[in-house]
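Single-structure report; data block below.
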2 protein chains.
Amino acid sequence: MPVNPESVEDYSTFVGFNEIWDIRQLADNLGGARVLHISSTAYGGSVAEILNSLVPLMKDLGLKADWKVIEADEEFAAVNKFLINRLQGYEAPWEPEMIDIYMKKSRENAKGFADNYDFIIVHDPEPIAILPMLIESKRPSGKWIWRCHIDPSGSIPDAWDFIRDFLSSYDAAIFTSRDFTPMDINTRTVIMTPTIDPMSLRNLPLDPHLVESIVSRFNVDPKRPLIVQVSRFDPWDDPLGVVDAYRIAKRKIPELQLAFVASVNQDDPEGFHYYRKTALKAEYDPDLYVCTNLQGIGSIEVNAFQRAADVIMHKPVREGFGLTITEALWKSRAVVAVNTGGIPLQIDDGENGFLVENTSECAERVVTLMENPQLRERFGKNGREKVRDNFLIPRELHDYMNLFFSLSG
Amino acid sequence: MPVNPESVEDYSTFVGFNEIWDIRQLADNLGGARVLHISSTAYGGSVAEILNSLVPLMKDLGLKADWKVIEADEEFAAVNKFLINRLQGYEAPWEPEMIDIYMKKSRENAKGFADNYDFIIVHDPEPIAILPMLIESKRPSGKWIWRCHIDPSGSIPDAWDFIRDFLSSYDAAIFTSRDFTPMDINTRTVIMTPTIDPMSLRNLPLDPHLVESIVSRFNVDPKRPLIVQVSRFDPWDDPLGVVDAYRIAKRKIPELQLAFVASVNQDDPEGFHYYRKTALKAEYDPDLYVCTNLQGIGSIEVNAFQRAADVIMHKPVREGFGLTITEALWKSRAVVAVNTGGIPLQIDDGENGFLVENTSECAERVVTLMENPQLRERFGKNGREKVRDNFLIPRELHDYMNLFFSLSG
């Protein structure tokens, strides 16, 4: 049964004592450094998810770690949504008055900043302008690091130019992959994939009986073949394309079921629109399920659906890293995913999953896996090892310690 | 470990074979009657929760049971919110144009009704006008039953008059308690408290280690005394009053923690406002937690928090029946709740919980229970028996079979 992590040593089960020892050694050399994480939300989304684990672990390493969430009203949130869409190459609106809103709110957020940290990690575009705002009066002490969780390499140029101006005052920038890193920056860059916490509620081991109970309660039959896609509901996650692939595969495997497991943010009209659209399509098929927080999906329920799946499908049009794939691989699931974003960093095609290019290939691979339990098992085993070696939270801690150490020089 | 209910017989563990036998006998006499439930939502809230269990069980009993959700746009939902508030005695707006919206939408919903049921159970005020609309052209076949889940006994008169006009064409009306039943109706009335499903995700047994893991992950210390209130966040649930009671109790028990566990509907500005207000109050106290679906609370997580609690507090200003109390009693928890609505139907003061009148009494009772594990244990044991004898879903099935049978005469 799971134990609640009380110290980094609890992770030695997963990554070995030597790794934990190395991390502690590095942390000890930092002599209780003061670390501040700044992000835009305290809940929802992968940044908040990982900070919830990372900050206590940094404290356990002897650092004085804090986490501050910037103030954001609806207006600022809307402007940032447009900005982030543009940074990911999507032609969202971008008007001078949006820049005004962004600058005004960043200035306000900068006012609340207390200048007594050694390392300040600023997550994603929302809080990036705080440092330049502070510099207008006086450069604050400490090393400033921008952690970019999205893929800005295909940005609409004006959006990236906007961010790059702010970034120029930073001491370092972290990107998820070399491919995600824009060419035209002078700031020192570091590559760091995100990680998952194997002891979080989304990943902790669950009793198989509980897993069965949970999916049954959403009317899914745990005895029949099941595809699961865990995602948000927006056009980029292409839920309708997933339905198409499932329909094709179902011709060969009539017993096949598909469950979308999603967090629906009712605040987000676009996402909610897609949710409704998918739900509508599901209505005519008794084997197609749309399970959301509205029906009681929380972290444990997501965990259970991933474990109940025979195949995890992930078919976004664009993807940053794809942490739901990491979660699925860690649970030894066979994954079929599109070859985009950070997905090929995780899936070695034919080794621990299948990378696909289109809907019909996706359907074909699902059929192959469903008909071949040995292959699913092999993929699952390899997937878990891939995550163990690369994408568990101690690795991220290790990377941060290295980065802090190198910036202290 | 929990087993997924596949038939009503699975509930014999809880209520005995004789009870299940009686229910089957009654159902057999109904000869495969066609039953339709009509409600306003498919998810969220206690009506959807119980119908999710009740409809499959009715099918298992050999009835042809269906469940239809009426169409509701934002306008209709808003009008109904006002109407329900007024029915519960709260001076919400009520204008002629709201009546127009209500009538127009009810007429549309009536159009979709297929006339081939023996028993039609209409849940709550949202769909009640469907029958009168149908009668305008021709009375549909079948016996029509209105199931009122709220307490309309203290209604603003015009709101109840509005509903009563529609109700007059029904064959029977079900109220939760004699006290909730308005005096001035000619329709046959039946008293039926709601029930919980012991095999639903909110109630199924959970491994104590998993319970610990879950609450720890929301930063609650499972080793220290814990009060939990499971609720929505609106003024009627008085979260700020709960905080006050906790603060007083904490003077005597410095280790005390309070966790609010809530589903926050971001669509509901009033609820969200209260959520923010409570969250703000919590910010200054490291032992006060506000845990919502935004942080990953789903059904299993609610279940775990109820099990982790030493004392469950429930302090609404008004309450229908209070199903979260039923859930807590079933989990053998000691409950401190205000003496309002359906709560005294569940709590026998000093036997399976404490009924309180105000904040200071509430705080006092919490202290008594926290200092007295034997008392908590006795209350817990009695509470579970109270629920077993009165508030488990087989009893509700039994009541429906009796009602159908008596209406068939």
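Protein chains get the first letters and strands the later ones, always in sequence-line order, with residue 1 at the start of each.
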Whatever's closer than 4.5 Å to a heavy atom in chain A on B:Thr41 counts as neither
Does CD belonging to A:Glu71 count more than 12 external heavy atoms closer than 6.0 Å? no
How long is the straight-line distance from OG of B:Ser299 back to CD1 of A:Ile300, given to the nearest 0.5 Å? 11.5 Å
Is the number of heavy atoms from other residues, nucleotides or ligands within 6.0 Å of CD (B:Glu75) greater than 12? no
Any side-chain heavy-atom pair from B:Leu206 and A:Leu210 closer than 4.5 angstrom? yes
Do B:Arg217 side-chain atoms and A:Met199 backbone N/O form a donor-acceptor pair below 3.5 Å? yes
Output for pair (A:Glu301 CD, B:Ile297 CD1), nearest 0.5 Å, gives 9.5 Å
Kindly give the heavy-atom pair with the smallest separation between B:Leu201 and A:Ser213, and that separation in Å. CD2-O, 3.9 Å
